[in-house]
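Quick notes on the structure that follows.
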Amino acid sequence: MSTTLRRPALSPSRAGDFKQCPLLYRFRAVDRLPERPTKAQVRGTVVHAVLEDLFALPAAERVPGRARSMIEPAWERVKAERPEFATLFEVPGSAEEVEWLASATKLLDGYFGLEDPTRFEPESRELLVESELPSGVLLRGYIDRVDVAPTGEIRVVDYKTGAAPREVGEAKALFQMKFYALVLWKLRGVVPRQLRLMYLADRQALAYTPDEGELARFERTLDAIWQAIMRAAPTGDFRPNPGRLCDYCDHKAFCPAFDGTPPPYPGWPEPDDAETLQDRD
């Protein structure tokens, strides 16, 4: 089976990686070093899958009990699509796995505490969006949900399975949402009316209203990030930026800031292998 090669692109997660640490960007986007998924991350994938499937049901069936019944089938499908997730629990069906699935139920209950999905129809779910800026950088990302009002206003919705963040985390989340807003503006010629972050763990929602001037400035920020990536791309000169998040990095052992040695630079991918249809934010 042939593989379709894809040109270099910038996603919210990879842009965030570069801002945090250029070397982390290299490890993830160019070297493609493996990372062991956490139980919290995989649980988030399962909950997102359930919420996507929920809106495929008739409106009257989008109720908490039905959503809970969809967790285990979604988990089985996720494992089939990502076999590495099957090793998350040493003993399949163990009490630990049962408890973990129960924690997903609590997150879904948190979702129903924030909105009633029987009262509206989303325009799109798990929407892949791509847009090329005049500078030539291709933006690519997945949007959890897009709602369009009868009057044409657009709402961008993103589900977060962690608790509502403090100031730094909120800024990171809004960076992602502004990315989506910019791409939709480029694609549709309409600035989204609202960016809505739904934090299921503590049943909090944050809403933000962007404007054209703000998104134009954000476009220049993305251009600057991409130009910095392109300057490092020919030689692989992606430098570490040590900070408090280093203790959580899967690649610390390869980092020169901690006396590690990165793997040999494989060269910049042309066309891109760094952003595939599997890449999610």
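Just so you know, these numbers come straight off a predicted model, no measurement behind them.
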Practice item. Return the orientation label for the Phe238 and Trp268 ring planes: parallel under 30°, perpendicular over 60°, tilted otherwise. Key: parallel
Review point. Does the ring of Phe89 carry Lys39 above it, NZ/CZ under 6.0 angstrom from centre and within 45° of its axis?
Key: yes
Review point. Are a donor atom and an acceptor atom from the side chains of Lys160 and Gln176 found within less than 3.5 Å of each other?
Key: yes
Review point. Taking it one step at a time, do Ile154 and Arg188 satisfy side chain to side chain contact (heavy atoms under 4.5 Å, CB included)?
Key: CA-CA 10 Å; Ile154 297 172; Arg188 304 189 184 191; 4.0 Å; yes
Practice item. Provide the full list of side chain to side chain donor-acceptor pair (under 3.5 Å) pairs with a residue in residues 221-230, sequence neighbours left out, each pair given once. Key: Ser135-Asp223
Check your understanding: Do Thr235 and Asp237 have side-chain atoms, one donor and one acceptor, less than 3.5 Å apart?
Key -> no
Check your understanding: Does the pair Asp31 and Arg26 meet the rule for a salt bridge (charged side-chain N to carboxylate O under 4.0 Å, His left out), with working shown?
Key -> CA-CA 6 Å; Asp31 295 285; Arg26 181 202 139 171; 2.5 Å; yes
Point to revise | ILVMFWY network linking Leu184 to Met177, side-chain heavy atoms under 4.5 angstrom | key: yes
Check your understanding: Is the Phe55-Phe120 ring centre distance short of 6.0 angstrom?
Key -> yes
Exercise for review: Verify, without hydrogens or angle tests, whether Thr45 (side chain) and Gln41 (backbone) share a donor-acceptor contact under 3.5 angstrom.
Suggested key: yes
Exercise for review: I would like to know whether Glu115 and Arg203 meet salt bridge (charged side-chain N to carboxylate O under 4.0 Å, His left out); could you show each step before the answer?
Suggested key: CA-CA 10 Å; Glu115 68 179 8; Arg203 304 189 183 195; over 6 Å; no
Review point. Side-chain donor-acceptor pair under 3.5 Å between Arg145 and Ser124, yes or no?
Key: no
Practice item. Please confirm whether the backbone N or O of Ala9 pairs with a side-chain atom of Arg140, one donor and one acceptor, at under 3.5 Å? Key: no
Review point. Just wondering, more than 12 heavy atoms not from Arg155 lying within 6.0 Å of its CZ?
Key: yes
Review point. Going only through I, L, V, M, F, W and Y residues with side-chain contacts under 4.5 Å, is there a path from Ile225 to Leu24?
Key: no
Practice item. With the side chain counted from C-beta on, respond yes when Pro263 and Leu33 share a heavy-atom pair under 4.5 Å apart, and no when they do not. Key: yes
Point to revise | Contact check, side chains of Ile143 and Val146, non-hydrogen atoms, under 4.5 Å | key: yes
Point to revise | Ion pair check, Arg28 and Glu35, cut-off under 4.0 Å | key: yes
Exercise for review: Check the side chains of Glu52 and Tyr159 for a donor-acceptor pair under 3.5 angstrom, ignoring hydrogens and angles.
Suggested key: no
Exercise for review: Determine yes or no for a side-chain-to-main-chain donor-acceptor pair under 3.5 angstrom, with Tyr180 supplying the side chain and Tyr142 the backbone.
Suggested key: yes
Exercise for review: Is it possible for you to say whether Leu51 and Val42 belong to one hydrophobic cluster, with membership spreading through side-chain heavy-atom contacts below 4.5 Å?
Suggested key: yes
I'd like a table of donor-acceptor pairs (distance under 3.5 Å, sequence neighbours excluded) in which one partner is a side-chain atom from residues 67-76, with atom names and distances.
{"residue": "Arg68", "atom": "NE", "partner": "Asp109", "partner atom": "OD1", "Å": "3.2"}
{"residue": "Arg68", "atom": "NH2", "partner": "Asp109", "partner atom": "OD1", "Å": "3.1"}
{"residue": "Ser69", "atom": "OG", "partner": "Arg66", "partner atom": "O", "Å": "2.6"}
{"residue": "Trp75", "atom": "NE1", "partner": "Glu97", "partner atom": "OE2", "Å": "2.7"}
{"residue": "Glu76", "atom": "OE2", "partner": "Lys79", "partner atom": "NZ", "Å": "3.2"}

Exercise for review: Could you state whether Val190 and Phe218 fall into the same hydrophobic cluster, counting links through intermediate Ile, Leu, Val, Met, Phe, Trp or Tyr residues with side-chain heavy atoms under 4.5 angstrom apart?
Suggested key: yes
Review point. Taking all non-hydrogen atoms of both residues, which atom of Ala49 and which atom of Val78 are closest, and how far apart?
Key: CB-CG2, 4.4 Å
Check your understanding: Does the side chain of Arg220 come within less than 4.5 Å of Arg217's, by heavy atoms?
Key -> yes
Study note, to complete from the structure: When every non-hydrogen atom of Arg14 is compared with those of Tyr25, the smallest separation belongs to O-CD1, 3.4 Å
